[in-house]
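The block underneath contains the structure these notes are about, expressed in structure tokens.
Quick note: numbers below take in every heavy atom, side chains included, and nothing from hydrogens, waters or symmetry partners.
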Amino acid sequence: MIKRLFLCVFLTLALGLNAFAQSVHEPARGTAERSEILNAVRPMLEARVGPPVEFVVDWMRSGSGWAFVQLSPQRPGGGAINLYQTTYANQAEYMDGVFTVALLKFQYNRWNLIDFAVGPTDVFWQGDPLYAQLPPGLVPY
């Protein structure tokens with residue numbers, strides 16, 4: 001009886017941890033979730049570099065109502081975005097190109113941009129208390 005009880009508790013915990021580990025995932029290409037996340041980032045970036053913008057996704061994870069992306073923006077067809085012809089012209093020499101990082105939260109039935117950086121030269125989110133509350137595996141480092 002005790003062995004069965006122990007086995008039941010162990011299996012419950014093991015399955016629960018497995019479900020938690022699966023809560024963070026990479027939204028697959030072509031899914032509504034992936035498109036909605038990218039479309040939530042697009043207006044912020046287009047306001048700064050001009051439209052239209054396409055994204056090459058370097059990292060995307062979603063889980064527990066949060067999403068984190070690392071993107072390489074480009075013009076349709078793969079054209080480069082010239083930072084010197086954008087609102088970042090005066091900062092371009094200090095930036096790591098148009099590489100974009102964004103944190104989003106799903107609230108009010110849509111993805112909302114919470115934090116972002118364009119051209120960061122370091123892992124700016126390390127040590128930020130906001131990022132400490134995110135589920136494990138959402139950010140790459």
Where the side chain of [X] meets the backbone of [Y], is there a donor-acceptor pair that is under 3.5 Å apart?
{"X": "H25", "Y": "S62", "result": "yes"}
{"X": "R61", "Y": "V24", "result": "no"}
{"X": "N82", "Y": "A80", "result": "no"}

Minimum heavy-atom distance between [X] and [Y], given as atom pair plus value:
{"X": "T87", "Y": "A47", "answer": "CG2-O, 4.2 Å"}
{"X": "W66", "Y": "I114", "answer": "CZ3-CG1, 4.3 Å"}
{"X": "Y84", "Y": "A89", "answer": "O-CB, 3.5 Å"}

Original post:
Taking the hydrophobic residues Ile, Leu, Val, Met, Phe, Trp and Tyr, and joining any pair whose side-chain heavy atoms are under 4.5 Å apart, which ones share a cluster with L104?
Top reply: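 Reading the cluster by chain and number, L104 sits alongside I37, L38, V41, M44, L45, V49, V53, F55, V57, M60, V69, L71, I81, L83, Y88, M95, V98, F106, W111, L113, F116, V118.
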Original post:
Would one find more than 12 heavy atoms of other residues, nucleotides or ligands at under 6.0 Å from atom CG of D122?
Top reply: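 Atom CG in D122 is packed in, count exceeds 12.
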Original post:
Would you say the side chain of R29 lies within less than 4.5 Å of the side chain of R34, judging by non-hydrogen atoms?
Top reply: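 In short, these two side chains touch, coming nearer than 4.5 Å.
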Original post:
Which pairs pass side-chain hydrogen bond (donor to acceptor under 3.5 Å, both in side chains) with one or both residues in residues 123-141, sequence neighbours excluded?
Top reply: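 Residue pairs passing side-chain hydrogen bond (donor to acceptor under 3.5 Å, both in side chains), neighbours aside: D115-Y131.
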**OP:** Could you note down all residue pairs passing side-chain hydrogen bond (donor to acceptor under 3.5 Å, both in side chains) where residues 96-105 supplies at least one of them, sequence neighbours left out?
**Re:**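 Residue pairs passing side-chain hydrogen bond (donor to acceptor under 3.5 Å, both in side chains), neighbours aside: none found.
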**OP:** Run the numbers on V123 and V139 for side chain to side chain contact (heavy atoms under 4.5 Å, CB included), then give the verdict.
**Re:** CA-CA 10 Å; V123 185; V139 298; over 6 Å; no
